[in-house]
Amino acid sequence: MLSRGKRLGYAAYERLLQWELSGTPDHVAVIMDGNRRYAEKQGTKKQEGHREGAQTTEALLNWCDELGIREVTLYTFSTENFDRDPEEREHIFDLVEQKLRTFADADRVHEAGVCIRAIGETEMLPDRVRDAIDYAEGRTAQYDQLNLNIALAYGGRAELLGAARDVAAAVENETLDPTDVSAETIEERLYEGPTRDVDLIVRTGGDERTSNFLPWHANGNEAATFFCTPYWPEFRKVDFLRAIRTYQNREDSWRTTRAERSLALVRAIEQSELPTAKRMLGRFRDALPSTEREQLDEEYDLAD
């Protein structure tokens with residue numbers, strides 16, 4: 001239990017972080033690590049760690065709704081997790097089943113327009129979990145304000161391998177010409193789930209790796225990453241806001257780099273190509289330092 005002073009300090013820091021944010025990512029993917037280690041630290045059973053982690057997951061969805069984030073993908077159960085102790089594994093399945101049905105019936109889910117979908121090798125899951133998936137997806141299929149993807153029996157390598165096999169089979173059956181294979185060809189054969197590329201990956205628990213999570217949607221988009229030490233049940237809103245600040249700083253740096261490259265291009269090209277280059281530079285001029293921006297506006301008349 002935090003002291004009153006610490007609670008007030010966290011509240012003030014939370015307000016400061018939120019005030020500093022000028023934008024939020026569209027799609028956040030979360031690796032919810034540390035439930036078992038949290039339980040061990042607390043001297044309780046592993047099941048208690050998973051239960052408290054589920055409470056943090058509910059809080060996260062509220063934060064995303066408040067901040068206007070459009071898509072969230074939660075790494076809930078990987079294909080490697082099938083190797084866990086049967087008792088722990090069954091407890092996780094019970095918890096997933098319960099939460100899927102609870103979310104699907106929750107007023108706040110319907111008020112926020114949350115669409116729930118499961119991604120992964122869901123045929124590997126017990127019948128009761130698959131039934132809960134069908135229930136949650138059916139109850140929320142009409143919504144599109146916030147897409148909530150639950151990664152269950154998920155493995156990024158398996159997803160890419162399956163897509164590659166489908167492409168190879170289509171080529172072999174002569175229903176697809178090899179010269180027509182493109183990024184879109186692969187994407188069409190991935191698990192049905194994420195509707196947009198990942199902008200930010202968050203991982204709790206201290207490990208600095210993305211664990212084969214959404215390699216196509218995240219690595220291909222060069223998503224920002226935020227690693228933090230709190231175990232998932234300890235993850236707070238201030239931690240989430242710090243993660244978003246990491247994304248924002250990366251975006252600002254990216255825009256500045258693009259602006260500087262565009263400026264170099266404008267200064268290097270022939271006069272006949274100047275209008276096109278100026279339009280490109282105009283998109284990124286605000287990311288330049290103020291002194292360089294003023295010089296640029298005077299030199300190339302971009303302010304208007």
ask   = Any sub-3.5 Å donor-acceptor pair from D199's side-chain atoms to D26's backbone N or O?
value = yes
R70 side chain vs D144 backbone, donor-acceptor pair below 3.5 Å = yes
task = Could you walk me through whether T225 and T246 pass side chain to side chain contact (heavy atoms under 4.5 Å, CB included), step by step?
result = CA-CA 8 Å; T225 54; T246 296; over 6 Å; no
key: Check: T76 side chain, I150 main-chain N or O, donor-acceptor pair, under 3.5 Å   = no
query = CD1/I69 to NE2/H27 distance, rounded to the nearest 0.5 angstrom?
reply = 10.0 Å
task = May I ask you to decide if the ring planes of F235 and F240 are parallel, tilted or perpendicular, using 30° and 60° as cut-offs?
result = perpendicular
query = Which residue pairs pass the side-chain hydrogen bond (donor to acceptor under 3.5 Å, both in side chains) test when at least one of the two sits in residues 146-170, sequence neighbours left out?
reply = E71-N149, T73-N149, N147-T195, Y154-E159
query = What are the two closest heavy atoms between L160 and P215, and how far apart are they?
reply = CD1-CG, 3.8 Å
remark   = Distance col, row T204:OG1 vs N35:CG, nearest 0.5 angstrom, shows 7.5 Å
task = Return the minimal non-hydrogen interatomic distance between G49 and P233, and the atom names on each side.
result = O-CG, 3.7 Å
ask   = Between M124 and F93, is there a shared hydrophobic cluster once you connect ILVMFWY residues whose side-chain heavy atoms come closer than 4.5 Å?
value = yes
request  = Please say whether more than 12 non-hydrogen atoms of neighbouring residues, nucleotides or ligands are located less than 6.0 Å from CD in E174.
outcome  = no
task = Apply salt bridge (Lys or Arg N to Asp or Glu O under 4.0 Å) to R130 and list each qualifying residue two or more places apart in sequence or on a separate chain.
result = D127
ask   = Within a strict 4.5 Å, meaning less than it, do heavy atoms of the S211 and E80 side chains meet?
value = no
query = Should R37 and E234 count as an ion pair when the cut-off is N to O under 4.0 Å?
reply = no
ask   = How long is the span from the CH2 atom in W216 to the CG atom in D197, to the nearest 0.5 Å?
value = 9.5 Å
key: Backbone N/O of A118 and side chain of E137: donor-acceptor pair under 3.5 Å   = yes
request  = Check step by step if side chain to side chain contact (heavy atoms under 4.5 Å, CB included) holds for D131 and R101.
outcome  = CA-CA 10 Å; D131 289 344; R101 293 186 180 277; 3.8 Å; yes
inquiry  = Side chains of D105 and R139, heavy atoms from C-beta outward: is any pair under 4.5 Å?
reply    = yes
ask   = Under 4.0 Å between a Lys/Arg side-chain N and an Asp/Glu carboxylate O for K45 and E87?
value = no
message = side-chain hydrogen bond (donor to acceptor under 3.5 Å, both in side chains), that's the test. Do T179 and D177 meet it? Break it down for me.
response = CA-CA 5 Å; T179 60; D177 192 298; 2.6 Å; yes
task = State whether the side chain of R189 and the backbone N or O of T185 hold a donor-acceptor pair below 3.5 Å, judged by distance alone.
result = yes
query = Which atoms form the tightest heavy-atom contact between A153 and T79, and what is the distance?
reply = O-CG2, 3.4 Å
task = Without swapping roles, check the side chain of R36 against the backbone of K46 for a donor-acceptor pair under 3.5 Å.
result = no
ask   = F226 ring centre to R242 NZ or CZ under 6.0 Å, with the angle to the axis within 45°?
value = no
task = Tell me whether Y38 is reachable from L74 by hopping between hydrophobic residues (I, L, V, M, F, W, Y) whose side-chain heavy atoms are closer than 4.5 Å.
result = no
request  = Decide yes or no for L190 and H217: does some side-chain heavy atom of the first lie under 4.5 Å from some side-chain heavy atom of the second?
outcome  = yes
ask   = Are there more than 12 heavy atoms of other residues, nucleotides or ligands under 6.0 Å from atom CD of E40?
value = no
ask   = Roughly how far apart are L95 CG and T57 OG1, rounded to 0.5 Å?
value = 8.5 Å
query = Under 4.5 Å between side-chain heavy atoms, hopping through other hydrophobics if needed: is there a path connecting F103 to Y143?
reply = no
Any donor-acceptor N/O pair, H110 side chain to A104 backbone, under 3.5 Å = yes
ask   = Could you give the distance from CD1 (I92) to NZ (K99), rounded to the nearest 0.5 Å?
value = 14.5 Å
task = Mind running side chain to side chain contact (heavy atoms under 4.5 Å, CB included) on L67 and L241 for me, showing each step along the way?
result = CA-CA 10 Å; L67 294 168; L241 293 173; 4.1 Å; yes
ask   = Nearest heavy-atom pair of L152 and T122: which atoms, and what distance?
value = O-CG2, 4.3 Å
query = Are Y135 and L125 connected, step by step, through hydrophobic side chains (Ile, Leu, Val, Met, Phe, Trp, Tyr) whose heavy atoms are closer than 4.5 Å?
reply = no
query = Going hydrophobic residue to hydrophobic residue with side-chain gaps under 4.5 angstrom, can you get from F227 over to L200?
reply = no
ask   = Quick one: OH on Y191 to CG on L214, what's the gap to the nearest 0.5 Å?
value = 10.5 Å
key: Any donor-acceptor N/O pair, D207 side chain to R209 backbone, under 3.5 Å   = no
key: Test item: T229 side-chain N/O and G206 main-chain N/O as donor-acceptor pair under 3.5 Å   = no
key: Sidechain-backbone polar pair: W232 side chain, G53 backbone, donor-acceptor under 3.5 Å   = yes
inquiry  = I'd like to know if R108 and E111 make a salt bridge, using a cut-off of under 4.0 Å between side-chain N and carboxylate O.
reply    = no
H50 and H91: CA distance, side-chain angles, deciding distance, side chain to side chain contact (heavy atoms under 4.5 Å, CB included) verdict = CA-CA 9 Å; H50 293 305; H91 174 78; 4.2 Å; yes
